[in-house]
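A quick write-up on the structure given underneath.
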Protein chains: 2
Amino acid sequence: MEYNTETEKKILAAATEVFIQKGKDGARMDEIARKAGLNKALLHYYFRSKERLYSHVFSSEVRCFFHAFLDSIPISENIENFLHGFIGNYIEHLRKNPRIIRFILWEIGHGGQMFVEVVSEVFSESESKTPHSFIKKIEQAVQEKKIRPLDPLHLLLSMIGMSIFVFIAQPLVESIFSGVQVTDSAFIEKRKDEIFQLIWQGVHP
Amino acid sequence: MEYNTETEKKILAAATEVFIQKGKDGARMDEIARKAGLNKALLHYYFRSKERLYSHVFSSEVRCFFHAFLDSIPISENIENFLHGFIGNYIEHLRKNPRIIRFILWEIGHGGQMFVEVVSEVFSESESKTPHSFIKKIEQAVQEKKIRPLDPLHLLLSMIGMSIFVFIAQPLVESIFSGVQVTDSAFIEKRKDEIFQLIWQGVHP
DNA sequence: GTCTATACATCGATAGAC
DNA sequence: GTCTATCGATGTATAGAC
């Protein structure tokens with residue numbers, strides 16, 4: 001597509017940091033330029049406007065995150081392994097990429113159109129791993145009586161919600177339950193276990 | 001504390017609307033003044049600064065929401081009724097107050113210190129209904145073998161995560177699963193049922 | 001208390017030299 | 001491609017009349 005010059009990379013790295021920290025409105029082109037060791041004029045030379053720079057940064061961050069997550073899901077015929085792998089990998093990815101959470105929350109807090117567009121794009125690029133394919137897998141398990149009758153969409157929503165919540169509410173959780181460190185390995189492993197146990201017993205036929 | 005004049009109410013109403021729609025940075029004092037049928041100078045006369053006006057609006061919105069939610073939780077000795085009531089009331093409150101979600105997401109996306117402060121305050125004002133009291137209730141049910149051994153904190157986090165997720169991800173969910181309307185009564189009732197069934201079977205001894 | 005007018009700062013974007 | 005300097009627009013906050 002386009003050749004990534006050294007300068008462009010510097011701008012994107014600085015912009016990513018500032019946009020995540022301050023949001024689109026709170027971010028200042030001056031600060032991005034300073035952090036990149038350059039000047040404002042160059043940002044506009046490379047990206048025309050603040051809006052375009054933001055779109056570029058947000059899209060690539062979200063795309064990268066979702067692609068890596070989808071790639072990490074094990075393709076298993078066994079429904080127990082699939083559910084276990086889905087939860088474990090999702091939480092692991094969130095733990096490793098805490099900044100993407102803030103980014104997405106910021107965007108959703110401002111309408112979230114761009115987020116929806118990017119995610120839809122990512123899913124349309126994948127054939128075997130889409131929300132609909134997950135639902136089909138669960139549906140099949142129901143038909144084969146591997147799990148009890150339930151609505152696959154709601155199970156999927158529940159799994160995602162349980163997994164992502166502690167990362168969204170991290171500051172609140174750590175403040176109210178003093179001693180809890182959401183990103184600690186011990187807590188993360190415990191969280192994976194507790195979620196899977198609840199789910200697996202909850203879907204038992 | 002302070003007498004709420006008609007003008008002050010008008011300012012707060014307009015500010016609430018604009019802050020929720022645009023966020024703290026995106027909001028303009030001009031727009032708030034116009035929407036209130038007043039002028040910028042008056043906003044500063046009543047609230048000194050944009051920052052203070054925002055704090056006032058955010059705090060009162062969040063306090064109101066959480067107080068109403070806590071009051072709605074049934075005090076039941078029966079653990080099944082308690083879990084069922086908690087989930088049902090939480091979802092119901094989220095459905096009725098969609099704007100608070102955006103507000104909180106916006107704030108968390110910007111660090112969330114203020115959110116943490118306000119919520120901690122609300123809980124400290126309540127005696128019988130705090131996260132710790134919920135955990136104790138679950139702990140007791142475990143000891144009485146009403147439910148299987150599990151970590152009460154994680155169960156609480158799971159219940160909240162499952163309940164709130166569809167509201168957080170509403171635009172994404174409705175876009176990916178065309179036909180789904182998160183705030184539709186039918187979907188909401190189905191969601192309550194599916195969550196409770198999963199939880200209740202999942203915690204069975 | 002409420003208004004108009006304006007000070008003062010800041011930001012995004014651009015012009016123009018090198 | 002990269003810089004300095006600056007424009008034009010907009011925003012918060014205030015001064016001062018009524």
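Lettering of chains follows the sequences in order, A, B, ..., and the numbering in each one begins at 1. Please read these numbers as outputs of a predicted model, since none were measured by experiment.
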Can you tell me how far [atom2] of [N] sits from [atom1] of [X], to the nearest Å?
X: Arg34(B); N: dT4(C); atom1: CZ; atom2: C1'; answer: 17 Å
X: Glu6(B); N: dT2(C); atom1: CD; atom2: C1'; answer: 15 Å
X: Lys50(B); N: dT10(C); atom1: NZ; atom2: P; answer: 15 Å
X: Glu51(A); N: dG12(C); atom1: CD; atom2: C1'; answer: 12 Å
X: Tyr45(B); N: dT2(C); atom1: OH; atom2: C1'; answer: 9 Å
X: Leu42(B); N: dA13(D); atom1: CG; atom2: C1'; answer: 13 Å
X: Asn39(B); N: dA17(D); atom1: CG; atom2: P; answer: 17 Å
X: Arg52(B); N: dA13(D); atom1: CZ; atom2: C1'; answer: 14 Å

Would you say Thr7(A) places a side-chain N or O within less than 4.0 Å of OP1 or OP2 belonging to dG1(D)?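 For dG1(D), OP1/OP2 do not have a side-chain N/O of Thr7(A) under 4.0 Å.
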OP1 or OP2 of dA13(D) versus the side-chain N and O atoms of His44(B): is any pair under 4.0 Å?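 True: His44(B) side-chain N/O within range (under 4.0 Å) of dA13(D) OP1/OP2.
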Those residues that, when tested against Ala15(A), pass side-chain contact (heavy atoms from CB on, under 4.5 Å) (two or more places apart):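 Ala15(A): side-chain contact (heavy atoms from CB on, under 4.5 Å) contacts with Phe19(A), Ile32(A), Leu53(A), Val57(A).
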Report all side-chain donor-acceptor pairs from residues 194-202 of chain B shorter than 3.5 Å, counting only partners two or more places apart or in another chain.
residue: Glu194(B); atom: OE1; partner: Asp151(A); partner atom: N; Å: 3.4
residue: Glu194(B); atom: OE2; partner: Asp151(A); partner atom: N; Å: 3.4
residue: Glu194(B); atom: OE2; partner: Lys190(B); partner atom: NZ; Å: 3.3
residue: Gln201(B); atom: OE1; partner: Arg148(A); partner atom: NE; Å: 3.1
residue: Gln201(B); atom: NE2; partner: Gln201(A); partner atom: O; Å: 3.0
residue: Gln201(B); atom: NE2; partner: His204(A); partner atom: O; Å: 2.7

* Asked: So what does Tyr46(A) touch, heavy atoms closer than 4.0 Å: a base, only the sugar-phosphate, or nothing?
  ->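 Sugar-phosphate contact only.
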Margin query: Check Glu139(A) with Lys136(A), please: is the shortest side-chain N to carboxylate O separation under 4.0 Å?
Written below: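 Salt bridge between Lys136(A) and Glu139(A), a charged N being under 4.0 Å from a carboxylate O: no.
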Original post:
Is a salt bridge present between Arg34(A) and Glu31(A), judged by a nitrogen-to-oxygen distance below 4.0 Å?
Top reply: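 Glu31(A) and Arg34(A): not salt-bridged.
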Just to be sure I understand the geometry, which residues of residues 10-17 of chain B put a non-hydrogen atom under 4.0 Å away from DNA chain D?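 The stretch gives none, as no residue of it lies under 4.0 Å from the strand.
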* Contacting residues from residues 21-33 of chain B, given that a heavy atom lies under 4.0 angstrom of DNA chain D ->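 Close to the strand are Ala27(B), Arg28(B), Met29(B).
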>> Tell me whether Asn78(A) contacts the main-chain N or O of Asn81(A) through its side chain, where contact means a donor paired with an acceptor under 3.5 Å.
In response: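 Side chain of Asn78(A) to backbone of Asn81(A), a donor-acceptor pair under 3.5 Å: yes, one is there.
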In a table with atom names and distances, give each donor-acceptor pair under 3.5 Å that connects a side chain of residues 161-179 of chain B to protein atoms at least two apart or in another chain.
residue: Ser163(B); atom: OG; partner: Met159(B); partner atom: O; Å: 2.8
residue: Gln170(B); atom: NE2; partner: Glu174(B); partner atom: OE2; Å: 3.2
residue: Glu174(B); atom: OE2; partner: Val182(B); partner atom: N; Å: 2.8

Checklist entry - Between Phe103(A) and Phe65(A), is the gap from one ring center to the other below 6.0 Å? => result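 Ring-ring flag for Phe103(A)/Phe65(A): false, centres at least 6.0 Å apart.
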Item checked: Ring centroid separation Phe187(B) to His154(A) under 6.0 Å ->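 Between His154(A) and Phe187(B), which both carry aromatic rings, the centre distance is below 6.0 Å.
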Once hydrogens and angles are ignored, does a donor-acceptor distance under 3.5 Å link the base of dG12(C) to the side chain of Lys40(A)?
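Flag set: donor-acceptor pair detected.
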Scan the side chains in residues 106-115 of chain A for donor-acceptor partners under 3.5 Å anywhere in the protein, sequence neighbours excluded, and list what turns up.
residue: Trp106(A); atom: NE1; partner: His110(B); partner atom: NE2; Å: 2.4
residue: Glu107(A); atom: OE1; partner: Tyr54(A); partner atom: OH; Å: 2.5
residue: His110(A); atom: NE2; partner: Trp106(B); partner atom: NE1; Å: 2.3

